[in-house]
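Below is one structure, written out as structure tokens; the observations come after it.
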Amino acid sequence: MILVTGGAGFIGANFVLDWLAATGEPVVNVDKLTYAGNLENLASLQGDKRHQFVQADIGDGVAISKLLLQHGVRAVVNFAAESHVDRSIHGPEEFIQTNVIGTFRLLEAVRAYWNGLEGEAKSNFRFLHVSTDEVYGTLSASDAAFSEDHNYEPNSPYSASKAASDHLVRAWHHTYGLPVLTTNCSNNYGPLHFPEKLIPLMIVNALAGKPLPIYGDGQQIRDWLYVRDHCSAIRRVLEGGGLGETYNVGGWNEQANIDIVKIVCTLLDELRPRTDGKTYAEQITYVADRPGHDRRYAIDARKIERELGWKPAETFETGIRKTVQWYLDNPGWVANVQSGSYRDWVQKQYSASADARVFT
Ligand code: NAD
Ligand code: TYD
């Protein structure tokens, strides 16, 4: 059995579904159920004995230790984190608590468990830490893409807290010999993505007839990877990754934000045209920039491709079409996640005054 943390969130839930379909190996899924955790993401697993959900904090060492022992876990995959840059700007505290202190406590619980294992159970055990390309900082247009040996230069409270967690994971390997693996992935998109992030926010706002807010000049570049391709990369690293190694994961798909939004609008124009015959692109609105906004992320994914034979299955064209279609097919999911606390966030982040948007 494996233990997954944060498995009720966007990537974690996709991973649990993908893992069970691909391997059939049981999963114990530990999630605190913050605003971003949603058991509806796992509704299709109801009654499936291979999946056990436990509501707990990764910082609760006692709970984690108990679960590791009880289930004789052979690997831990750590997705649990606070993950939204804009929220980290408004309130960094939770990011330090979960991403730094939570990861530290989780590592300590795992280390104690691993120390108690023997023979093959000990040598085959793995701790896989899921991280982000944002730890490397920002690139100019002419810089080479991030490779695994790029300096860590995080710029946001979110990326700084993830960088700190990566360093802890590295040190627990170097000092204690804990068998760790780290993945640093670019921006994911796909089904179950909480509509505070760029792509799902644009889809749900477009359909609701609301503005499509572009920060600054919209020329910031991200590399986008379909979420199930991230899941397959994590499976490959868990299976064949070298101990203590890090692997960059990306889709070779760099796009400016404004181009992403225009692609989403064009797909919606085709799949669910506006009743007035106009294009959704008319809803695009430029708003004040994000403070400290990183200009460009780009991933050099040659290491994982070369050493582990991983490649993404989706192109951006196929992945974004599937994604838009999923949101059109799941209005109930969208309505349920747009709860009171979601509306409060949107009000705080996108209120008419630019100053209020940034400095509440
Ligand atoms: P998400 O915000 O959708 O989900 C995070 C999950 O973690 C939620 O279910 C939440 O309830 C849970 N969680 C938060 N704090 C917790 C705690 N203290 N204990 C237990 N559970 C807790 O995030 P996501 O987009 O699915 O990202 C998952 C991981 O992947 C994160 O570590 C993130 O840094 C990393 N990552 C994300 C992206 C991306 O584009 N979304 C890209 C690269 C890496
Ligand atoms: P986001 O999805 O928050 O991911 P990240 O900041 O981790 O890359 O944002 C992706 C890009 O889209 C980022 O450059 C910020 C921009 N963005 C907007 O222009 N408008 C928005 O409303 C949001 C949420 C993001």
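One-based numbering, in listed order, for ligands and for the atoms of each. Position 1 is the first residue of the sequence; numbering continues from there. Here the structure is a predicted model, which means the values were calculated and not measured.
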Counting heavy atoms only, which part of [X] comes closer than 4.0 Å to ligand 1: side chain, backbone, both or neither?
X: Ala13; value: neither
X: Lys162; value: side chain
X: Leu33; value: backbone
X: Trp224; value: neither

Could you work out, for [atom], the closest of [options] by heavy-atom distance?
atom: atom 9 (O) of ligand 2; options: Arg222, Gln220, Arg290, Lys197; result: Arg290
atom: atom 4 (O) of ligand 2; options: Thr285, Val85, Asn187; result: Asn187
atom: atom 19 (N) of ligand 1; options: Ile58, Ile199, Val30; result: Ile58
atom: atom 11 (C) of ligand 2; options: Asp133, Asn257, Ile199, Asp289; result: Asn257

What's the shortest distance from [atom] to any protein heavy atom, and which residue and atom give it?
atom: atom 11 (O) of ligand 1; value: Asp31 OD1, 2.6 Å
atom: atom 25 (C) of ligand 2; value: Tyr215 CE1, 3.6 Å
atom: atom 38 (C) of ligand 1; value: Ile11 CD1, 3.6 Å

Near Arg170 CZ, under 6.0 Å, is it more than 12 heavy atoms from other residues, nucleotides or ligands? no
Polar contacts were defined as any N/O atom of the residue lying under 3.5 Å from an N/O atom of the ligand; does this apply to [X] and ligand 1?
X: Thr132; value: no
X: Asn78; value: no
X: Asn187; value: no
X: Asn188; value: yes

Which atoms form the tightest heavy-atom contact between Asp133 and Phe146, and what is the distance? O-CE1, 3.8 Å
Looking only at the side chains, is there a donor atom on one of Glu82 and Tyr158 sitting less than 3.5 Å from an acceptor on the other? no
Look at ligand 1 and say whether Gly59 reaches it with a heavy atom at a distance under 4.0 Å. no
Please confirm whether Tyr350 comes under 4.0 Å of ligand 2, counting heavy atoms of the residue only. yes
With a cutoff of 4.0 Å, is His293 in contact with ligand 2, counting heavy atoms of the residue only? yes
Stepwise ring pair (Phe, Tyr, Trp, His ring centres under 6.0 Å) check, Tyr152 with His167: CA-CA 10 Å; Tyr152 268 43; His167 289 323; 4.9 Å; yes
May I ask you to check whether [X] has an N/O atom sitting below 3.5 Å from an N/O atom of ligand 2?
X: Glu134; answer: yes
X: Asp86; answer: no
X: Leu201; answer: no
X: Glu196; answer: no

I need the contact type for Leu198 against ligand 2. Using non-hydrogen atoms and a strict under-4.0 Å cut-off, is it side chain, backbone, both or neither? both
Per-residue contact class, Val287 against ligand 2 - non-hydrogen pairs under 4.0 Å: neither
Checking His51, Arg50, Gln46 against Asp48 for side-chain hydrogen bond (donor to acceptor under 3.5 Å, both in side chains), the one that qualifies is Arg50
Show the numbers, then the answer: is there a ring pair (Phe, Tyr, Trp, His ring centres under 6.0 Å) between His129 and Trp172? CA-CA 12 Å; His129 180 61; Trp172 261 238; over 10 Å; no
My understanding is that only residues two or more places apart in sequence, or in another chain, count here; which of them pass side-chain contact (heavy atoms from CB on, under 4.5 Å) with Arg343? none
Test side-chain contact (heavy atoms from CB on, under 4.5 Å), reference Arg126, set Val77, Leu243, Val237, output is Leu243
